[in-house]
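Everything below concerns the one structure shown next.
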Amino acid sequence: MRKIPFFSRYPFLITLDDYLKNLFSTPPSLQQLIEIREYRELGIKRAIKALRNEGYVAGKDELKEVIAFHLAIFFTRLADPWALRKFADYESKRGFSQLIAETEDVIASVARKLKLKLNPLITESNRCGYRVVLGKEVRSGVELVECYPFSVSVPTYLRLTGKLSGDPKWKLVNRVVKSGQVFISKKDAARLLEEVIKQTIISYGERVGREYIESKYLPECINKVRSVVREVRGFTSDEEKEIPAEVKGKIIESLFPPCIRSIEETLLRGEHLSHHQRFALATFLLNIGASVDYVLGLFKHSPDYNERIARYQIEHLAGMRGSRKKYFVYSCEKMKTLGLCVAECGTLNPVQYYVAGLKKFRLNKKQFSRIHSSKSL
Amino acid sequence: MPDDYILREFAFQDYLSEKYIRHLSFQSLASLREYLVNKTPRNSYYSVAIYRDPAATTMEDKGLIGAELMFDIDSDHIEGCDAPILKLGGRELHIVTEKCIELGKEHELRLLDVLMNDFGFSKKEIRIYFTGNRGFHTIVRPKDEEWLKLGSRERREIIDYIKGVSLEISLILPKKARNMDKEGLLRSGGWRRRILVTNPNIKEIINSPEKVIKSAVVEIDEQVTQDLSRLIRIPKTINGKTGFPVSLFKTENELMSFRYGEQLSPFKGKALVKSLITTPKFKIWSYQIQLVKEQTMLLPLSLAICLGLNKAVQLLKVM
């Protein structure tokens with residue numbers, strides 16, 4: 001591993017511009033790089049390996065690897081939004097697995113380059129860092145010691161662990177926190193860096209996506225990436241946006257997320273719903289394509305149902321009245337705050353859960369028998 | 001007031017109509033004072049958030065720069081506080097007792113311990129107020145601007161840390177009690193320290209962790225801390241529910257020597273009042289009182305103001 005040059009291993013640590021400027025007095029443009037078959041093909045290969053979750057081993061030619069990495073970002077960015085996210089996810093995980101094999105000094109150096117304020121606590125004389133004595137082995141008398149070679153500030157830690165805090169291990173409450181610092185192991189430092197790498201790659205993609213490049217090779221590169229997206233996911237992101245014809249105008253209740261199902265069940269039992277429960281249920285249904293009459297039909301089970309008032313409120317949420325603004329369902333985060341979330345689904349909002357279920361549904365039409373037509377209610 | 005008051009949104013509740021007037025900003029403290037004197041609002045607030053344009057009417061247009069950290073301890077939400085809710089006509093008034101406020105102070109001290117020892121804030125970064133009613137507001141203006149930029153989700157994690165939500169003893173302490181090094185664990189920080197500070201008996205920690213965790217939890221209002229658009233009462237203004245002023249504690253000693261009671265009211269003397277409602281006998285502060293509609297009586301001015309603010313009496317004459 002040591003023989004592989006630094007930027008071949010960690011190409012996300014430098015922008016393509018900066019890398020090329022260090023080597024050439026007149027750096028080649030992105031367009032010129034795409035014209036070179038060797039770079040173009042390695043770029044596509046890197047993108048495809050990532051999309052298929054296949055192992056990618058970087059070569060010793062640092063220039064080639066850095067160019068191919070950045071071309072892969074460019075191709076995935078233009079091909080499909082999911083492809084860029086997948087590429088970033090894959091490359092950041094790859095980064096993590098390389099970083100845990102590095103010394104603390106290399107990890108600190110990578111963090112500095114990624115502008116992460118990771119405080120190294122190891123010195124020549126102290127190879128443990130922040131040392132915590134937990135106790136002693138009763139028989140041997142050997143001290144039970146925890147070593148924390150790094151710390152990060154509490155706000156930095158909170159910012160980076162947003163997607164990790166579902167795991168109790170990552171919750172701040174279960175961490176060693178002192179004087180505004182969270183103390184972390186080498187492996188945890190690499191895991192936090194994985195999050196930073198992911199964000200860095202996505203931001204490169206967003207930046208490079210704004211560039212206009214005219215190249216006769218570009219459509220072919222993009223199409224190759226798109227075809228692998230279709231192969232892996234079954235569809236591309238723009239195809240996903242179209243509601244499949246067989247489920248258009250129909251609501252599949254078995255695909256509702258647990259929180260919405262729970263609210264619906266409460267309503268069907270004829271129990272009173274809070275304002276937030278009503279808002280969540282109605283906006284969810286309206287946003288997955290249910291008609292006002294469908295929503296109204298459900299709310300008939302409410303003990304305080306009044307058709308005139310309920311219709312007015314639902315039409316208001318649907319953007320048919322008042323400000324003409326169509327309301328979107330609460331985010332999962334908000335649902336948690338309101339105490340309406342009942343399970344960790346890993347989605348941003350309840351509609352996303354439903355849409356993801358629809359995709360699987362398309363692949364498994366046996367569930368079709370469970371469809372209820374929105375007009376039937 | 002904070003130095004950056006020109007970047008804060010101000011909001012007031014009108015005395016008579018009780019409607020809220022929001023999205024105001026002031027370019028000088030003199031103009032704020034002038035507004036307060038001329039309008040005599042029922043309640044006066046400013047935003048915990050710092051905006052580019054605080055007077056804009058939508059959050060998008062206001063342009064959020066960041067928000068201070070805010071913690072609210074309502075003493076009547078703490079176990080052991082027995083504060084009945086007074087029903088004055090159509091209004092409800094939570095009058096707490098001295099015992100409740102003492103419990104609130106205990107939780108405030110626990111909060112200060114976490115803010116200073118665990119989060120590393122200095123005394124200069126922390127402001128503590130008595131809200132004029134049920135408890136304490138603690139505002140942190142961190143020097144490290146990264147704190148100000150935390151969103152609701154990150155603030156939710158701070159709440160969980162302070163309240164011990166999702167704390168797993170097995171993740172923070174070694175399994176066998178006899179192996180533990182108390183001093184080492186105390187020095188290490190986090191909940192290890194918090195638990196051992198409140199309960200040095202390690203066996204009890206292992207045998208009944210829930211009880212031990214409870215003794216170190218700070219009862220903060222979760223909604224307040226995670227809401228970036230929250231409003232803070234302006235210091236020294238009157239709380240429109242009690243007539244007590246919002247008071248700032250300059251030192252921890254001032255907080256410790258704080259005593260709850262009618263002496264907090266700046267309104268001294270007596271007042272002739274007419275009852276607007278009839279109530280059964282009730283206790284408020286050191287008084288036992290019963291109101292009979294249309295009856296006039298002489299009351300201490302502090303009590304008359306409190307009941308007047310709650311539309312239970314009408315002030316006829318200040319004596």
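Reminder, nothing fancy here: chain letters follow the sequence lines and each chain counts from 1.
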Toward chain A, the part of [X] with a non-hydrogen atom under 4.5 Å:
X	result
Leu150(B)	side chain
Gln223(B)	side chain
Gln226(B)	side chain
Arg192(B)	side chain

Answer with side chain, backbone, both or neither: which region of [X] has an atom nearer than 4.5 Å to a non-hydrogen atom of chain B?
X	answer
Tyr157(A)	neither
Ser153(A)	side chain
Arg159(A)	both

Max heavy-atom pair count under 4.5 Å with chain B, selected residue of [options]:
options	result
Leu134(A), Val132(A), Leu172(A), Val154(A)	Leu134(A)
Leu158(A), Asn174(A), Val182(A)	Asn174(A)
Arg175(A), Gln181(A), Glu146(A)	Glu146(A)
Val133(A), Val145(A), Thr161(A)	Val133(A)

Among the options [options], pick out the one with the most heavy-atom pairs lying under 4.5 Å from chain A.
options	value
Ser188(B), Pro142(B), Gly189(B), Gly190(B)	Ser188(B)
Glu146(B), Arg156(B), Lys149(B)	Glu146(B)
Met116(B), Arg153(B), Arg194(B), Arg193(B)	Arg153(B)

Checklist line | Verdict with reasoning, Asp89(A) to Arg85(A), per salt bridge (Lys or Arg N to Asp or Glu O under 4.0 Å) | finding: CA-CA 6 Å; Asp89(A) 186 65; Arg85(A) 287 198 303 273; over 6 Å; no
Margin query: Check whether Lys62(B) reaches the backbone of Pro54(B) with its side chain - one donor and one acceptor, N or O, closer than 3.5 Å.
Written below: yes
Check: Sub-3.5 Å donor-acceptor pair from the side chain of Arg8(B) to the main-chain atoms of Ser47(B), do we have one?
Finding: yes
Item checked: Pair Lys171(A) + Asp160(B), salt bridge at N-O below 4.0 Å -> yes
Next item on the list: Could you tell me whether Arg91(B) and Glu18(B) make a salt bridge, using a distance below 4.0 angstrom between a side-chain N and a carboxylate O?
Entry: yes
Check: What orientation do Tyr354(A) and Phe284(A) show, parallel under 30°, tilted 30 to 60°, or perpendicular over 60°?
Finding: perpendicular
Check: Parallel under 30°, tilted from 30 to 60°, perpendicular over 60°: which one fits the rings of Phe119(B) and Tyr161(B)?
Finding: tilted
Margin query: Looking at Cys128(A) and Cys147(A), is the distance between their SG atoms under 2.5 Å?
Written below: yes
Note to self: To the nearest 0.5 Å, what is the distance between CD on Glu143(A) and CZ on Arg131(A)?
What the structure shows: 5.0 Å
